[in-house]
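Chain letters run A, B, ... following the sequence lines, proteins first, then strands; residues in each count from 1.
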Protein chains: 2
Amino acid sequence: MENKKGISIYKQVAKEIECKVKNGIYVTAQKLPSEAELAQEFNVSRLTVRKAINLLIEKKVLVKHQNTGTYVMNRQKLASGASGLQGFNEVAKAKGKTPRTEVIGVSQIDYDDELWAELEAKENEVIINVNRIRYLDDLPMTVEDLYIREKFLPENLKEAAFENSIFELIEQKIEIAYSHQEIEAVLIDKMMSIAFELPVGQPMFRATSNVFSVTGVPIMHDISYYRSDEYVFSNTLVRSQH
Amino acid sequence: MENKKGISIYKQVAKEIECKVKNGIYVTAQKLPSEAELAQEFNVSRLTVRKAINLLIEKKVLVKHQNTGTYVMNRQKLASGASGLQGFNEVAKAKGKTPRTEVIGVSQIDYDDELWAELEAKENEVIINVNRIRYLDDLPMTVEDLYIREKFLPENLKEAAFENSIFELIEQKIEIAYSHQEIEAVLIDKMMSIAFELPVGQPMFRATSNVFSVTGVPIMHDISYYRSDEYVFSNTLVRSQH
DNA sequence: GTTTATTTGTTCGTATGTATT
DNA sequence: AAATACATACGAACAAATAAA
């Protein structure tokens with residue numbers, strides 16, 4: 001195997017193995033060839049095979065058993081792959097529907113102890129509040145309540161700019177590295193009831209998250225509501241080798 | 001650095017780095033020493049340092065930025081560390097309360113198309129249904145409805161055996177490798193209302209999961225209900241380097 | 001704006017240890 | 001007891017991307 005087009009070899013190997021899994025050449029219950037055999041087959045070092053396998057373990061395609069072998073993970077119907085609440089665009093794609101984002105309002109908000117502390121902002125710093133509703137074929141899916149430090153937004157933004165990806169807007173100024181998210185089950189109140197066109201008292205998800213840069217600088221605080229009849233939270237838990 | 005007591009070097013290095021993070025020697029916003037420097041400091045190879053760092057990235061202690069450096073993750077109040085719905089015993093420990101498990105019933109159930117298919121069981125196979133309620137200081141926290149393939153349970157079990165860890169019971173026969181979980185937000189119905197001593201119409205989490213062995217053999221199907229006023233679903237999302 | 005230095009990323013080869021079958 | 005297969009560890013080198021001079 002050669003290093004074509006600057007794509008690393010271990011990623012190419014990973015892709016080929018994943019392909020064989022998808023085509024049923026490697027199947028659940030059957031052990032994969034050993035690392036040494038795979039190294040020979042692809043004509044790369046064993047370390048490279050290990051890196052490829054690790055990549056696929058992270059992607060939940062394979063599982064390893066210490067000193068025994070590598071196996072294909074039984075995915076069953078749980079397809080999504082990505083852990084956590086599916087992203088809006090992912091859901092749209094999965095359901096084959098057209099996404100649309102409506103900006104309800106953009107405004108500068110008044111000082112608030114808790115929020116300013118959470119964003120590690122100075123008292124005189126400007127925080128922008130953005131409210132959006134995201135639709136799928138005119139079905140309201142998500143209501144977002146975002147609080148962004150203005151210093152991390154491009155200058156002279158029009159309200160319409162927020163109809164697109166907020167992350168892309170922010171990344172013109174600072175790179176986003178990670179976010180911490182907490183999800184609760186709550187009841188729809190009057191306001192959400194109107195937005196979602198659903199009766200009060202229905203259950204829904206409320207996801208609160210904080211977004212950070214690599215250096216750990218808080219960028220944005222996000223409170224989002226998801227209709228529970230359309231969203232499911234899914235993940236794969238791997239048992240740590242004791 | 002030496003390989004003491006059979007504990008791998010990279011884990012020792014990881015522990016030392018994590019220690020320095022906890023003690024505030026390495027802090028958020030400040031770059032960690034480079035891999036080469038750390039290798040020198042600990043007197044190990046660079047690859048070993050990389051393995052240690054990768055371990056801490058998995059543990060959400062560190063974050064990396066391509067070709068720039070390694071940084072400490074800003075955890076803020078989001079403490080838990082473990083992704084996903086906190087385990088019952090974790091919550092117990094965190095809240096400093098005493099856990100207790102009440103077995104409501106253990107029985108062999110009648111054949112059901114869907115369930116048997118999900119567990120990949122033959123028609124004549126025996127599936128055991130276990131119902132439990134888990135309390136924290138007499139507060140009902142979780143209601144469990146488990147379906148286990150009898151072949152993966154030890155013989156001659158008494159009902160009281162299910163008061164302890166089901167995983168430990170199963171692992172006397174077969175090793176558990178992973179599980180797929182889906183979480184929904186639902187409303188408490190009459191039955192759950194009685195179990196949880198909460199009014200009907202409150203929101204709660206319903207987690208459905210399937211448990212597998214390394215070879216992808218389905219072991220157990222689990223439907224669990226969590227009171228949303230005590231449980232939060234938390235996780236850290238890391239932005240993939242594009 | 002270009003070059004240079006730094007830092008992480010990738011890859012090889014090799015060797016030994018450890019757990020399972 | 002031996003063979004197998006993964007786990008750990010080192011050294012060495014070059015590539016690629018970023019940041020600093």
Does this structure show an ion pair linking A:Glu35 with A:Lys64, if we count only N-O contacts that are shorter than 4.0 Å? yes
d(CG, A:Asn67; C1', D:dT8) in whole Å: 11 Å
Is the distance from OP1 or OP2 of C:dT10 to the nearest side-chain N or O of A:Lys51 less than 4.0 Å? yes
Per nearest nucleotide of DNA chain C, the residue lying toward the 5' end, A:Thr48 or A:Thr68, is A:Thr48
What is the distance, to the nearest angstrom, from the OH atom on A:Tyr10 to the C1' atom on D:dA16? 13 Å
Can you pull out every side-chain hydrogen bond (donor to acceptor under 3.5 Å, both in side chains) where at least one residue sits in residues 212-222 of chain A? Sequence neighbours excluded, please. A:Glu118-A:His221, A:Asn210-A:His221, A:Ser213-A:Thr215, A:Asp222-A:Ser224
In whole angstrom, what separates B:Glu175's CD from C:dA19's C1'? 12 Å
Nearest-angstrom distance from the residue atom CZ of B:Arg46 to C1' of D:dG11: 12 Å
Taken to the nearest whole Å, CD/A:Glu35 to C1'/D:dT8 is 12 Å
Using modelled atom types and a 3.5 Å cut-off, is there a donor and acceptor pairing between side-chain atoms of A:His180 and backbone atoms of B:Asn74? yes
For A:Glu125, the side chain to side chain donor-acceptor pair (under 3.5 Å) test, sequence neighbours excluded, returns A:Arg149
Take atom CG of A:Leu47 and atom P of D:dC6, then tell me their distance rounded to the nearest Å. 14 Å
Nearest-Å distance, NE2 (A:His65) to C1' (D:dT4)? 15 Å
Grab the NZ-P distance between A:Lys31 and D:dC6 for me, whole Å please. 7 Å
Applying the Watson-Crick and G-U wobble criteria at under 3.5 Å, what pairs with C:dG17? Answer none if nothing qualifies. D:dC6
